[in-house]
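If you're wondering where the values come from, they're calculated on a predicted model, not measured in any experiment. Sequence lines set the chain letters: A, B, ... in the order given, protein chains first and strands last, and positions in each chain run from 1. These values consider heavy atoms only, across backbone and side chains, with no hydrogens, waters or symmetry-generated copies.
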Amino acid sequence: MTTAANIRLEPLNLEQTLGCGQTFRWRQLRDGSWQGPLKDQLVTLRSDGPHLQIVSSPGTPDIGRVVSELLRAEDDIRAIQSSLSRRDHILAKGMKGLSGLRIVKMDEWECLLSFTLATYANIPRIARMIDTLALSYGSRIQGGAYSFPTLTRLRKASVGDLRRCGLGYRAGYVHEIGERLTADELERMKELSYAELRKELIALPGIGEKVADCVSLFGFGRLEAFPIDVWMERALKRLYKVQGTYKRLSAFAHEKFGPYAGYAQEYMYYNERMRARGAACLFSKE
DNA sequence: GCCCAGGAGTGTG
DNA sequence: CACACTCATGGG
(Lines give C-alpha, C1' and ligand atoms only; values in the text may rest on other atoms or scores of the structure.)
Protein backbone atom coordinates (compact mmCIF):
# COMPACT_ATOMS: atom_id res chain seq x y z
CA MET A 1 0.00 0.00 0.00
CA THR A 2 1.33 3.35 -0.94
CA THR A 3 0.38 6.96 -0.59
CA ALA A 4 1.18 9.84 -2.86
CA ALA A 5 1.82 13.45 -2.11
CA ASN A 6 2.57 16.43 -4.27
CA ILE A 7 4.68 19.43 -3.54
CA ARG A 8 5.84 22.34 -5.63
CA LEU A 9 9.58 22.52 -6.06
CA GLU A 10 11.18 24.43 -8.84
CA PRO A 11 13.63 24.50 -10.45
CA LEU A 12 14.49 20.82 -9.96
CA ASN A 13 16.30 18.19 -12.02
CA LEU A 14 16.31 14.89 -10.14
CA GLU A 15 18.95 13.28 -12.33
CA GLN A 16 21.37 16.15 -11.83
CA THR A 17 20.59 16.34 -8.12
CA LEU A 18 20.41 12.69 -7.04
CA GLY A 19 22.63 11.11 -9.66
CA CYS A 20 25.75 13.23 -9.48
CA GLY A 21 27.55 11.81 -6.47
CA GLN A 22 26.32 14.00 -3.64
CA THR A 23 24.34 11.12 -2.26
CA PHE A 24 24.81 7.44 -3.06
CA ARG A 25 21.61 5.53 -2.38
CA TRP A 26 19.19 6.91 -4.95
CA ARG A 27 18.56 4.98 -8.19
CA GLN A 28 16.70 5.85 -11.33
CA LEU A 29 13.97 3.36 -12.17
CA ARG A 30 13.14 2.26 -15.68
CA ASP A 31 10.18 4.63 -15.82
CA GLY A 32 12.51 7.53 -15.09
CA SER A 33 11.48 8.15 -11.48
CA TRP A 34 14.02 8.14 -8.65
CA GLN A 35 13.89 5.82 -5.66
CA GLY A 36 15.81 5.84 -2.41
CA PRO A 37 15.58 5.29 1.35
CA LEU A 38 14.56 8.30 3.38
CA LYS A 39 13.63 8.35 7.09
CA ASP A 40 13.00 4.60 7.24
CA GLN A 41 10.91 4.54 4.09
CA LEU A 42 11.58 3.69 0.49
CA VAL A 43 10.49 6.80 -1.37
CA THR A 44 9.90 7.32 -5.08
CA LEU A 45 10.14 10.77 -6.64
CA ARG A 46 8.93 11.93 -10.01
CA SER A 47 9.45 15.42 -11.29
CA ASP A 48 6.88 17.02 -13.56
CA GLY A 49 7.60 20.65 -14.27
CA PRO A 50 7.14 22.59 -11.05
CA HIS A 51 5.41 19.60 -9.43
CA LEU A 52 7.17 16.85 -7.53
CA GLN A 53 5.22 13.66 -7.00
CA ILE A 54 6.18 11.66 -3.91
CA VAL A 55 5.18 8.01 -3.54
CA SER A 56 5.83 6.28 -0.22
CA SER A 57 4.40 3.84 2.26
CA PRO A 58 2.06 5.38 4.78
CA GLY A 59 3.82 5.95 8.08
CA THR A 60 5.85 9.09 8.01
CA PRO A 61 3.69 12.10 8.69
CA ASP A 62 4.20 14.87 6.19
CA ILE A 63 6.54 13.10 3.79
CA GLY A 64 6.42 16.27 1.72
CA ARG A 65 8.28 18.13 4.44
CA VAL A 66 10.91 15.37 4.64
CA VAL A 67 11.53 15.49 0.90
CA SER A 68 11.58 19.28 0.98
CA GLU A 69 14.38 19.11 3.52
CA LEU A 70 16.36 16.61 1.41
CA LEU A 71 16.12 18.80 -1.65
CA ARG A 72 16.61 22.06 0.27
CA ALA A 73 13.35 23.54 -0.95
CA GLU A 74 14.11 26.71 0.98
CA ASP A 75 17.11 27.51 -1.23
CA ASP A 76 16.34 30.38 -3.57
CA ILE A 77 18.18 29.07 -6.62
CA ARG A 78 17.65 32.21 -8.65
CA ALA A 79 19.06 34.38 -5.87
CA ILE A 80 22.00 32.02 -5.43
CA GLN A 81 22.79 32.00 -9.14
CA SER A 82 22.41 35.75 -9.25
CA SER A 83 24.92 36.09 -6.42
CA LEU A 84 27.38 33.74 -8.13
CA SER A 85 26.94 35.51 -11.48
CA ARG A 86 27.89 38.83 -9.96
CA ARG A 87 31.04 37.26 -8.58
CA ASP A 88 32.24 35.33 -11.61
CA HIS A 89 31.42 35.51 -15.33
CA ILE A 90 32.82 32.05 -16.09
CA LEU A 91 30.40 30.45 -13.67
CA ALA A 92 27.61 32.74 -14.87
CA LYS A 93 27.61 31.00 -18.25
CA GLY A 94 28.28 27.48 -17.07
CA MET A 95 25.54 27.17 -14.51
CA LYS A 96 22.67 28.29 -16.71
CA GLY A 97 21.75 24.79 -17.82
CA LEU A 98 22.15 23.47 -14.30
CA SER A 99 19.56 25.45 -12.36
CA GLY A 100 17.80 22.17 -11.50
CA LEU A 101 20.90 20.85 -9.77
CA ARG A 102 20.26 21.36 -6.08
CA ILE A 103 22.53 20.72 -3.13
CA VAL A 104 21.05 17.91 -1.03
CA LYS A 105 20.68 17.86 2.73
CA MET A 106 21.57 14.37 3.90
CA ASP A 107 21.38 12.93 7.39
CA GLU A 108 24.56 14.03 9.16
CA TRP A 109 25.68 10.57 10.24
CA GLU A 110 24.94 8.95 6.90
CA CYS A 111 26.82 11.70 5.12
CA LEU A 112 29.82 11.54 7.43
CA LEU A 113 30.23 7.80 7.02
CA SER A 114 29.44 7.75 3.30
CA PHE A 115 32.15 10.24 2.45
CA THR A 116 34.61 8.50 4.74
CA LEU A 117 34.05 5.45 2.55
CA ALA A 118 34.38 7.62 -0.55
CA THR A 119 38.12 8.10 -0.21
CA TYR A 120 39.99 6.74 -3.19
CA ALA A 121 37.01 4.90 -4.68
CA ASN A 122 34.76 5.67 -7.64
CA ILE A 123 31.07 6.40 -7.26
CA PRO A 124 29.73 2.96 -8.30
CA ARG A 125 31.98 1.33 -5.76
CA ILE A 126 31.01 3.78 -3.02
CA ALA A 127 27.38 2.95 -3.68
CA ARG A 128 28.17 -0.76 -3.45
CA MET A 129 30.00 -0.41 -0.15
CA ILE A 130 27.10 1.52 1.36
CA ASP A 131 24.52 -0.96 0.05
CA THR A 132 26.46 -3.87 1.52
CA LEU A 133 26.79 -2.05 4.83
CA ALA A 134 23.06 -1.30 4.89
CA LEU A 135 22.18 -4.91 4.04
CA SER A 136 24.46 -6.17 6.83
CA TYR A 137 23.82 -3.64 9.59
CA GLY A 138 20.76 -1.63 8.57
CA SER A 139 17.19 -2.63 9.31
CA ARG A 140 14.51 -3.59 6.83
CA ILE A 141 12.30 -0.62 6.14
CA GLN A 142 8.92 -0.10 4.50
CA GLY A 143 9.24 -0.91 0.84
CA GLY A 144 11.74 -3.73 1.38
CA ALA A 145 14.97 -1.74 1.33
CA TYR A 146 17.46 -1.41 4.16
CA SER A 147 18.07 1.72 6.17
CA PHE A 148 21.49 3.22 6.64
CA PRO A 149 23.11 1.60 9.72
CA THR A 150 22.80 3.65 12.88
CA LEU A 151 25.87 4.66 14.84
CA THR A 152 24.82 2.38 17.70
CA ARG A 153 24.33 -0.62 15.47
CA LEU A 154 27.53 -0.13 13.51
CA ARG A 155 29.53 0.14 16.72
CA LYS A 156 28.96 -3.58 17.25
CA ALA A 157 30.75 -4.51 14.02
CA SER A 158 34.38 -5.59 14.18
CA VAL A 159 37.01 -4.40 11.72
CA GLY A 160 36.98 -7.87 10.15
CA ASP A 161 33.21 -7.74 9.74
CA LEU A 162 33.49 -4.35 8.07
CA ARG A 163 36.29 -5.49 5.82
CA ARG A 164 34.08 -8.32 4.65
CA CYS A 165 31.63 -5.67 3.46
CA GLY A 166 34.24 -4.67 0.91
CA LEU A 167 35.45 -1.55 2.69
CA GLY A 168 39.14 -2.37 2.34
CA TYR A 169 41.44 -0.18 4.41
CA ARG A 170 38.46 2.07 5.21
CA ALA A 171 37.15 -0.58 7.64
CA GLY A 172 39.57 0.61 10.33
CA TYR A 173 38.43 4.21 9.96
CA VAL A 174 34.78 3.28 10.21
CA HIS A 175 35.37 1.16 13.28
CA GLU A 176 37.31 3.89 15.06
CA ILE A 177 34.78 6.56 14.15
CA GLY A 178 32.09 4.34 15.63
CA GLU A 179 34.04 4.07 18.85
CA ARG A 180 34.86 7.73 19.09
CA LEU A 181 31.66 9.45 17.97
CA THR A 182 28.31 9.65 19.76
CA ALA A 183 24.87 10.75 18.62
CA ASP A 184 25.03 13.56 21.17
CA GLU A 185 28.23 14.87 19.66
CA LEU A 186 26.70 14.85 16.19
CA GLU A 187 23.81 16.84 17.59
CA ARG A 188 26.14 19.33 19.22
CA MET A 189 28.16 19.73 16.01
CA LYS A 190 25.07 21.07 14.24
CA GLU A 191 25.44 24.28 16.23
CA LEU A 192 29.10 24.88 15.43
CA SER A 193 30.40 27.42 12.97
CA TYR A 194 31.70 26.06 9.68
CA ALA A 195 35.31 26.59 10.80
CA GLU A 196 34.75 24.78 14.10
CA LEU A 197 32.71 22.00 12.52
CA ARG A 198 35.40 21.44 9.92
CA LYS A 199 38.09 21.26 12.57
CA GLU A 200 36.17 18.68 14.60
CA LEU A 201 35.44 16.56 11.54
CA ILE A 202 39.11 16.55 10.52
CA ALA A 203 40.01 15.38 14.03
CA LEU A 204 38.19 12.11 13.25
CA PRO A 205 40.20 9.26 11.72
CA GLY A 206 39.91 8.92 7.95
CA ILE A 207 38.49 12.41 7.54
CA GLY A 208 40.69 15.04 5.94
CA GLU A 209 39.97 18.43 4.42
CA LYS A 210 38.08 17.17 1.39
CA VAL A 211 35.78 14.78 3.25
CA ALA A 212 35.20 17.37 5.97
CA ASP A 213 34.04 19.82 3.31
CA CYS A 214 31.70 17.25 1.74
CA VAL A 215 30.19 16.45 5.13
CA SER A 216 29.90 20.15 5.99
CA LEU A 217 28.10 20.82 2.71
CA PHE A 218 25.90 17.78 2.10
CA GLY A 219 25.37 16.71 5.73
CA PHE A 220 25.43 19.86 7.84
CA GLY A 221 24.13 22.20 5.16
CA ARG A 222 27.01 24.68 5.20
CA LEU A 223 26.67 26.19 1.74
CA GLU A 224 30.03 27.97 1.95
CA ALA A 225 31.92 24.64 1.96
CA PHE A 226 33.81 23.91 -1.27
CA PRO A 227 35.04 20.30 -1.52
CA ILE A 228 37.99 19.79 -3.87
CA ASP A 229 38.64 16.36 -5.35
CA VAL A 230 40.64 15.38 -8.43
CA TRP A 231 37.82 16.56 -10.73
CA MET A 232 37.69 19.95 -9.06
CA GLU A 233 41.46 20.31 -9.22
CA ARG A 234 41.25 19.82 -12.97
CA ALA A 235 38.36 22.28 -13.31
CA LEU A 236 40.07 24.99 -11.24
CA LYS A 237 43.26 24.64 -13.22
CA ARG A 238 41.53 24.65 -16.58
CA LEU A 239 39.09 27.50 -15.91
CA TYR A 240 40.98 29.74 -13.48
CA LYS A 241 44.62 28.71 -13.96
CA VAL A 242 44.91 28.11 -10.25
CA GLN A 243 46.64 25.12 -8.69
CA GLY A 244 48.48 24.15 -5.55
CA THR A 245 47.63 22.76 -2.15
CA TYR A 246 44.11 22.19 -0.89
CA LYS A 247 44.44 25.17 1.41
CA ARG A 248 45.39 27.45 -1.46
CA LEU A 249 42.62 26.25 -3.79
CA SER A 250 40.13 26.50 -0.94
CA ALA A 251 41.13 30.09 -0.17
CA PHE A 252 40.76 30.98 -3.83
CA ALA A 253 37.28 29.44 -3.99
CA HIS A 254 35.99 31.11 -0.86
CA GLU A 255 37.18 34.52 -1.97
CA LYS A 256 35.88 33.99 -5.49
CA PHE A 257 32.48 32.45 -4.77
CA GLY A 258 31.58 33.56 -1.26
CA PRO A 259 28.72 32.23 0.90
CA TYR A 260 27.32 29.98 -1.86
CA ALA A 261 30.64 28.42 -2.85
CA GLY A 262 29.06 25.00 -2.33
CA TYR A 263 26.67 25.55 -5.22
CA ALA A 264 29.52 26.86 -7.37
CA GLN A 265 31.44 23.71 -6.58
CA GLU A 266 28.58 21.43 -7.51
CA TYR A 267 28.00 23.19 -10.84
CA MET A 268 31.68 22.89 -11.70
CA TYR A 269 31.95 19.32 -10.49
CA TYR A 270 28.94 18.25 -12.54
CA ASN A 271 30.24 19.97 -15.63
CA GLU A 272 33.73 18.55 -15.29
CA ARG A 273 32.42 15.02 -15.08
CA MET A 274 30.08 15.51 -18.03
CA ARG A 275 32.96 16.96 -19.99
CA ALA A 276 35.00 13.84 -19.36
CA ARG A 277 32.18 11.81 -20.86
CA GLY A 278 32.39 13.85 -24.02
CA ALA A 279 29.41 16.08 -23.37
CA ALA A 280 29.41 19.66 -24.54
CA CYS A 281 31.19 21.95 -22.15
CA LEU A 282 28.83 24.41 -20.52
CA PHE A 283 31.69 26.50 -19.20
CA SER A 284 34.08 28.53 -21.25
CA LYS A 285 36.89 30.89 -20.45
CA GLU A 286 35.61 33.48 -22.89
C1' DG B 1 45.94 -6.49 -17.80
C1' DC B 2 45.87 -1.59 -17.07
C1' DC B 3 44.48 2.65 -15.06
C1' DC B 4 41.81 5.21 -12.08
C1' DA B 5 38.90 6.45 -8.21
C1' DG B 6 34.45 12.72 -4.69
C1' DG B 7 41.93 10.80 -0.17
C1' DA B 8 44.05 10.26 4.20
C1' DG B 9 47.94 9.04 7.13
C1' DT B 10 52.62 8.89 7.78
C1' DG B 11 57.28 9.82 7.06
C1' DT B 12 61.01 12.68 4.99
C1' DG B 13 63.58 16.70 3.10
C1' DC C 1 55.67 24.07 4.25
C1' DA C 2 56.02 20.48 0.06
C1' DC C 3 56.46 16.06 -1.70
C1' DA C 4 56.54 10.68 -1.75
C1' DC C 5 54.88 6.64 -0.45
C1' DT C 6 51.39 3.39 1.24
C1' DC C 7 46.84 1.70 1.88
C1' DA C 8 43.11 -2.43 -0.75
C1' DT C 9 40.05 -3.13 -4.31
C1' DG C 10 36.34 -2.78 -7.63
C1' DG C 11 34.91 -0.42 -12.09
C1' DG C 12 35.55 1.14 -16.73
Where the side chain of [X] is concerned, which of [options] is the nearest nucleotide?
X      : options              : result
A/W231 : C/dA2, C/dA8, B/dG6  : B/dG6
A/V211 : C/dA2, B/dG7, C/dT9  : B/dG7
A/K210 : B/dA8, B/dA5, C/dG10 : B/dA8

Could you state the atom-to-atom distance from [atom1] of [X] to [atom2] of [N] in whole Å?
X      : N     : atom1 : atom2 : value
A/L204 : B/dG9 : CG    : C1'   : 14 Å
A/L117 : B/dA8 : CG    : C1'   : 13 Å
A/Y120 : B/dC4 : OH    : C1'   : 7 Å
A/N122 : C/dT9 : CG    : C1'   : 10 Å
A/L249 : C/dA2 : CG    : P     : 11 Å
A/E233 : B/dA8 : CD    : P     : 11 Å
A/E272 : B/dA5 : CD    : P     : 11 Å
A/D229 : B/dA5 : CG    : C1'   : 10 Å

Sugar-phosphate only, base, or nothing, as touched by [X] at under 4.0 Å among non-hydrogen atoms:
X      : answer
A/F218 : base
A/L167 : nothing
A/R234 : sugar-phosphate
A/G21  : base
A/M232 : base
A/Y173 : sugar-phosphate

I want to check one thing: is the phosphate of C/dA8, taken as OP1 and OP2, less than 4.0 Å away from some side-chain N or O of A/R163?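 Yes, A/R163 has a side-chain N/O under 4.0 Å of OP1/OP2 on C/dA8.
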Hey, is the side chain of A/R273 poking within less than 4.0 Å of OP1 or OP2 on B/dG6, counting only N and O atoms?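 So the side-chain polar atoms of A/R273 do come within 4.0 Å of the phosphate oxygens OP1 or OP2 of B/dG6, strictly under.
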The answer to which of A/G208 and A/A121 contacts DNA chain B further toward the 5' end, by nearest nucleotide, is A/A121
Are A/Y260 and A/F226 an aromatic pair by the rule of ring centers under 6.0 Å? no
Can you name the nearest heavy-atom pair linking A/R180 to A/E185, along with the distance? O-OE2, 3.4 Å
Is the base of C/dA8 stacked against the aromatic ring of A/Y169, taking ring centres under 5.5 Å apart and planes under 30° as the test?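 Given the distance and angle limits, no, they do not stack.
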If the [atom1] atom of [N] is compared with that of [M], how far apart are they to the nearest Å?
N     : M      : atom1 : result
B/dC2 : C/dA8  : P     : 22 Å
B/dG9 : C/dG10 : C1'   : 22 Å
B/dG6 : C/dC5  : P     : 24 Å

Looking only at side chains, do A/S33 and A/D31 share a donor and an acceptor under 3.5 Å apart? yes
A/D75 versus A/Y263, side-chain donor and acceptor atoms under 3.5 Å: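 Per modelled atom types, A/Y263 and A/D75 side chains form a pair under 3.5 Å.
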Presence of salt bridge, A/D213 and A/R198, under 4.0 angstrom: yes
Indicate yes or no: does A/R238 engage A/E272 in a salt bridge with an N to O separation below 4.0 Å. yes
